[in-house]
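Okay, so here's the structure we're looking at.
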There are 2 protein chains.
Amino acid sequence: MDSRQQILNRSNELKEVFLPHLSADPVIFGFDQNELKVLLLKMNYRKQWLLPGGYVRKDEDLDEAVVRILKERAGITDVYLEEFGVFGKKNRSEFYFEDFDETLFHKQRFVTIGYYALYNPDRFNLIADEFSETCEWIYLSKLPEIVLAMDHRDIIEKALLTLREKISHKPIGYNLLPEKFTLSELQKLYEVILGKELNRGNFYRKIKNLGILKKLDEQRKGGAHKAPDLYSFDEENYLKALENGLSSW
Amino acid sequence: MDSRQQILNRSNELKEVFLPHLSADPVIFGFDQNELKVLLLKMNYRKQWLLPGGYVRKDEDLDEAVVRILKERAGITDVYLEEFGVFGKKNRSEFYFEDFDETLFHKQRFVTIGYYALYNPDRFNLIADEFSETCEWIYLSKLPEIVLAMDHRDIIEKALLTLREKISHKPIGYNLLPEKFTLSELQKLYEVILGKELNRGNFYRKIKNLGILKKLDEQRKGGAHKAPDLYSFDEENYLKALENGLSSW
DNA sequence: ACAAAAGTGTTAATAATACACCCATGG
DNA sequence: CCATGGGTGTATTATTAACACTTTTGT
């Protein structure tokens, strides 16, 4: 079955189950190789990259929809999610399905709600769903090279801006780093998100004083130099810090 | 024509013109009597208070819709507007139109986009539209006494929280104060939004150093005491400060 | 005269920033 | 030995906060 036929078949089913005109697009950030990356799908149809978005069932809350979409399209669960913007230009998806007729579910006008999510890529294997050719992490530095569908580039940019503002007030990292990590990995994450270098000594003291880290009895072996200590987040204090907010960075 | 019949008549017209399932609700803040207030309508139907929300035309951007809604329902134009949240619980409006049948446009499930707006109440006369009995500014302190429809109380609360966070990073007041105002009026506004008292001397220096005020060659006459100087915002610097953000308050 | 307003000085506490040094250790 | 990491000291600068005093001026 070609991708065009596949989409046509799905359309009527979608009309039954989902609200028209409304979609949700999660921007899922990961951290790897000292760089931020975003989870994107390449649809069979059109070969453009897309956020792993989806629609809202008539019988579910919007919140529930995003969680479900994330699970269905990327196999992701238990993730920190936050709404960061609404994208409602009337022609934002005008051209994408232009070679279908107006009755296609997908071709409606959609207002989409943007959510950002932080996720540690180590924790799952990427499996593209039936409509997608691949599901891949794309480094932010590679984004300019790929073709993103509709306004998804704008959505990603706004998500990144929101993430940057967020990290100045709330701790981040719980979902972006592996369970065990070193201090310099954490620092790199902050530097990459904030887009500037931080002083190591000051970072060390500040993060320590937050009390959100637990020092483990292990080191990361195998490097060329002294084995760095491993840390993990102290869940309880981390959540407390999320509520109260931090001083600025 | 009673209010029930009025709603029924409107329903089919609405289905033609507007997107289903999607609405926008502006929370319009005003400042008066040293207190914040919110613009609300009391619908003829049901006599509950509502935000002056509306629907999104099939042929307009979401942004345009909010501007139009504000104008149609409250006669407000040229206002600072910002999206602050999406409210999408599946049953959020379940009971409001319960004595109509399912074909009524209004009775659909709606996901609503919340916007907050700041507006100087001096600048217009309130005129309730044809569906509303009254259109009034309600002081925040009076909110607990009135009956708000659906989840509109939650929406207002979230708007207020967002406003409070915003004022710590961006200047506010341009649209909330009359064109000419005194420093103590501005300070009162900040105090009311932040919910705490500020030191006068420090406030004076800080606001001066921001350079967003122009001191006018006038005083406010007529008070019982020394006539306070009048200020207005320096539009250019005000906008600059909006972009760059401030230090915290 | 009084009370509100404008403007300034001062100080203490705290936070942010930048550097520099020490030690430890794996290879 | 040396590069990296861990840990600490310290000086500088800004920012916030609290308070107090002066001067101005409308009624």
Side-chain angles (χ1 to χ4, degrees), chain A residues 33-34 164-165 167-171 177-178 180-191 193-232 241 244-249, chain B residues 33-34 164-165 167-171 177-178 180-191 193-232 241 244-249:
Chain A
Q33 309 286 326
N34 287 344
R164 204 165 275 167
E165 277 202 7
I167 204 181
S168 306
H169 306 293
K170 309 275 174 185
L177 290 170
K180 302 167 181 181
F181 52 87
T182 69
L183 273 188
S184 60
E185 285 165 350
L186 183 60
Q187 182 174 346
K188 265 278 168 270
L189 172 62
Y190 271 77
E191 290 178 341
I193 293 177
L194 292 173
K196 66 177 181 188
E197 303 212 328
L198 301 171
N199 178 280
R200 190 185 56 81
N202 296 338
F203 182 84
Y204 173 85
R205 265 178 294 229
K206 197 155 187 173
I207 206 81
K208 279 267 167 140
N209 289 336
L210 289 178
I212 60 175
L213 295 184
K214 271 189 312 200
K215 187 174 181 165
L216 304 176
D217 254 353
E218 305 171 63
Q219 286 80 39
R220 166 153 309 157
K221 308 279 186 179
H225 305 287
K226 179 187 175 183
D229 296 345
L230 286 171
Y231 290 80
S232 65
N244 302 333
L246 323 164
S247 52
S248 77
W249 223 281
Chain B
Q33 309 286 327
N34 287 342
R164 206 165 272 168
E165 276 202 9
I167 204 183
S168 306
H169 305 294
K170 308 276 174 186
L177 289 170
K180 303 168 180 181
F181 51 87
T182 69
L183 273 188
S184 62
E185 284 166 350
L186 183 62
Q187 181 174 346
K188 264 280 167 264
L189 171 62
Y190 270 76
E191 289 179 341
I193 293 177
L194 291 173
K196 67 176 180 187
E197 302 212 329
L198 301 172
N199 177 279
R200 191 186 56 81
N202 296 336
F203 182 84
Y204 172 84
R205 266 178 295 230
K206 196 155 189 173
I207 206 81
K208 279 265 167 140
N209 289 336
L210 290 177
I212 60 175
L213 295 186
K214 272 190 312 202
K215 185 174 181 167
L216 304 176
D217 253 356
E218 305 170 63
Q219 287 79 39
R220 167 153 308 157
K221 308 280 185 178
H225 305 288
K226 179 187 174 184
D229 296 344
L230 285 170
Y231 291 81
S232 67
N244 302 332
L246 324 164
S247 49
S248 74
W249 224 284

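Quick note on labels: first sequence line is chain A, next is B, and so on, each numbered from 1. Heavy atoms only: backbone and side chains are in, while hydrogens, waters and symmetry mates are out.
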Polar-atom pairs under 3.5 Å, protein N or O versus N or O of nucleotides 11-13 of chain D: list them with distances, or write none.
none

Exercise for the section: State, with a plain yes or no, whether a side-chain heavy atom of A/Leu194 is found less than 4.5 Å away from one of A/Ser168. Expected result: yes

Exercise for the section: Pick base, sugar-phosphate or nothing for A/Lys215, based on heavy-atom distances below 4.0 Å to the nucleic acid. Expected result: sugar-phosphate

Practice task
Please tell me if the side chains of A/Thr182 and A/Asp229 come closer than 4.5 Å, counting only heavy atoms from C-beta onward.
Solution key: no

Fill in the blank from the handout: Rounding to 0.5 Å, atoms CG (B/Leu186) and CG (B/Leu198) come to a distance of 10.0 Å

Exercise for the section: For B/Tyr204 and C/dA5, give me the distance from atom OH to atom C1', rounded to whole Å. Expected result: 11 Å

Exercise for the section: Count the heavy atoms of every other residue, nucleotide or ligand shown that sit under 6.0 Å from CD of A/Gln219, and state whether that count exceeds 12. Expected result: yes

Exercise for the section: Answer yes or no: is there a side-chain heavy-atom contact under 4.5 Å between A/Pro171 and A/Tyr190? Expected result: yes

Exercise for the section: To the nearest Å, give me how far apart CD (B/Gln219) and P (D/dT25) are. Expected result: 9 Å

Fill in the blank from the handout: Taken to the nearest whole Å, NE2/A/His169 to P/C/dA15 is 16 Å

Fill in the blank from the handout: Contact string for nucleotides 18-27 of chain C, one letter per nucleotide 5' to 3', B = base within protein heavy-atom range under 4.0 Å, S = sugar-phosphate only, - = neither, reads BB----BBSS

Problem - Protein-nucleotide distance (A/Phe181, atom CZ; D/dG5, atom C1'), rounded to Å - result: 16 Å

Handout entry: Non-hydrogen side-chain atoms of A/Lys208 and A/Tyr231 separated by less than 4.5 Å
Key = yes

Problem - Ion pair A/Glu191/A/Lys188, N-O distance below 4.0 Å - result: yes

Exercise for the section: Take atom CG of A/Leu186 and atom C1' of D/dG6, then tell me their distance rounded to the nearest Å. Expected result: 15 Å

Practice task
Give a yes/no answer on whether the side chain of B/Lys208 brings an N or O atom under 4.0 Å of OP1 or OP2 in C/dG7.
Solution key: yes

Exercise for the section: State, with a plain yes or no, whether a side-chain heavy atom of B/Pro228 is found less than 4.5 Å away from one of B/Leu183. Expected result: no

Problem - A/Glu218 atom CD: more than 12 heavy-atom contacts under 6.0 Å - result: yes

Handout entry: Axis deviation across the helix from C/dA1-D/dT27 to C/dG27-D/dC1, five-pair ends, to the nearest 10°
Key = 10°

Handout entry: Over all atoms of both residues, closest heavy-atom pair of A/Leu216 and A/Lys180
Key = CD1-CG, 3.5 Å

Problem - Spacing of A/Arg220 atom CZ relative to D/dT4 atom C1', expressed in whole Å - result: 14 Å

Practice task
Just call it for A/Tyr231: base, sugar-phosphate, or nothing, with non-hydrogen atoms closer than 4.0 Å on any strand.
Solution key: sugar-phosphate

Exercise for the section: Decide yes or no for A/Asn202 and A/Arg205: does some side-chain heavy atom of the first lie under 4.5 Å from some side-chain heavy atom of the second? Expected result: yes

Handout entry: Value in whole Å for how far the C1' atom of C/dA4 lies from CG of B/Asp229
Key = 12 Å

Handout entry: Atom-to-atom span, NZ of B/Lys206 to P of C/dT8 - whole angstrom
Key = 18 Å

